[in-house]
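Worksheet: one structure, shown below.
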Amino acid sequence: MPELPEVETIKNTLKQFVLNKTITDVSVYWANIIKQPDDIDYFKYLLAKQSIHDIHRRGKFLLFELDDVVLVSHLRMEGKYSVHPSGEPVKKHTHVIFIFSDGEELRYNDVRKFGTMHLYEKGDEWKNKPLNQLGPDPFSKTFTMDYFYQKLKKTDRVIKSVLLDQTVVAGLGNIYVDETLFRANIHPLKKANKLKKREAKMIWEAAINTLKDAIAQGGTTIRSYVNSQGDMGMFQQELFVYGQENEPCKICGKPIVKMKVGGRGTHVCILCQKME
DNA sequence: CCTCTAGCCTGCTAGC
DNA sequence: TGCTAGCAGGCTAGAG
């Protein structure tokens, strides 16, 4: 499932293939992917003759910057972009195709059909969902230790749920939250408002460093993630707890335990990550 | 303000 | 072996 490091990697590879290309037409095979505008024909109309000038990442979102509009795309668990020559057979899970004037196409593929696209006139993307509720990007200078600690002090929720909350910090998902809490030696069930400033700082630093390390490895491939060139990530080799159920902890040797926290599968070393 | 649940989907796995 | 039921997963909307 693409989280921040995977989306960052996808953005960088995709830019090599689609920058400065001009859309002539769009094919939509599964309309529920398109959340904005409501009318699919209007979606196509707005994109026709538009060129892709840049691609940005905000949290787990990709932002395609065109002439007059911005396409905000979330890949959820299985979304993928790839570039093909026009006329290649359309695969079973291809739901949207952006046809370029040069004989190539950008294809959106998504086994689960959970991904979303929102199209806005330039500037409006920040005033509307899904971007208007997002917290700071972990690498932004607004994601300060002070901001983070104030957020933790204000909530009675468990720390894992807070880290997954995209309005607090945008980009962490299930894998990197589990890894962050392991690196910080904090149990996922600890209440956020009970954490000492020292502990909050450990989590804040671990989150930023875990994401940086994962980007350096091209992301994490658990079962299906590849970037837009088809390359796997390599960070799975550096995972301490995620997907390591019953495996010995790389630090203390005690088997990693899997539990449910806020409805999510959660991996923890109960020796390294103390409740007290 | 908060938390919980259903819904969105389909591939995979456990159980028969 | 072949079948079905249930689960996973990020996020939203609605209920409590």
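Because the structure is predicted, anything quoted here is derived from the model rather than measured. To find a chain, count down the sequence lines: A is the first, B the second, and so on, and within it residues start at 1.
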For nucleotides 10-16 of chain C, read 5' to 3', which letter fits each nucleotide if B means a protein heavy atom sits under 4.0 Å from the base, S means only the sugar-phosphate is that close, and - means neither? BB-S---
Can you pull out the residues from residues 147-154 of chain A that lie within a 4.0 Å heavy-atom distance of DNA chain C?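 Residues of residues 147-154 of chain A under 4.0 Å from DNA chain C: none.
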A/Thr266 side-chain N/O to A/Arg264 backbone N/O, donor-acceptor pair under 3.5 Å: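 Side chain of A/Thr266 to backbone of A/Arg264, a donor-acceptor pair under 3.5 Å: yes, one is there.
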So, are A/Asp110 and A/Arg76 salt-bridged, with charged N and O less than 4.0 Å apart?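 A salt bridge is absent here (no side-chain N lies under 4.0 Å from a carboxylate O).
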Is any NZ, NE, NH1 or NH2 atom of the basic residue among A/Lys190 and A/Glu199 found under 4.0 Å from an Asp or Glu carboxylate oxygen of the other?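 Salt bridge flag = yes for A/Glu199 with A/Lys190.
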Verify the distance criterion only: is there a donor paired with an acceptor across the side chains of A/Gln36 and A/Asn128 at less than 3.5 Å?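 Absent: no donor and acceptor within the cut-off.
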Using only heavy-atom distances, determine whether the side chains of A/His53 and A/Asp67 contain a donor-acceptor pair under 3.5 Å.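 Judged by distance alone, the side chains do pair up.
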Between the opening five pairs and the closing five pairs of the helix from B/dC2-C/dG16 to B/dC16-C/dG2, how far apart are the helix axes, to 10°?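 Roughly 60° between the end axes, to the nearest 10°.
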Using side chain to side chain donor-acceptor pair (under 3.5 Å) as the criterion, list what pairs up with A/Lys21, not counting sequence neighbours.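 Result, side chain to side chain donor-acceptor pair (under 3.5 Å) vs A/Lys21: A/Asp102, A/Glu104.
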My understanding is that only residues two or more places apart in sequence, or in another chain, count here; which of them pass side chain to side chain donor-acceptor pair (under 3.5 Å) with A/Tyr176?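 Partners of A/Tyr176 by the side chain to side chain donor-acceptor pair (under 3.5 Å) criterion, ordered by chain and then number, come out as A/Glu6, A/Thr220.
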Checking all strands, does A/Lys35 fall into the base, sugar-phosphate, or nothing category for heavy-atom contacts under 4.0 angstrom?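 Contact class for A/Lys35: none.
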Side chain to side chain contact (heavy atoms under 4.5 Å, CB included) involving A/Arg107 - partner list, sequence neighbours excluded: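 Side chain to side chain contact (heavy atoms under 4.5 Å, CB included) check on A/Arg107 returns A/Ser82, A/His84, A/Glu88, A/Val90, A/Thr94, A/Ile97, A/Glu105.
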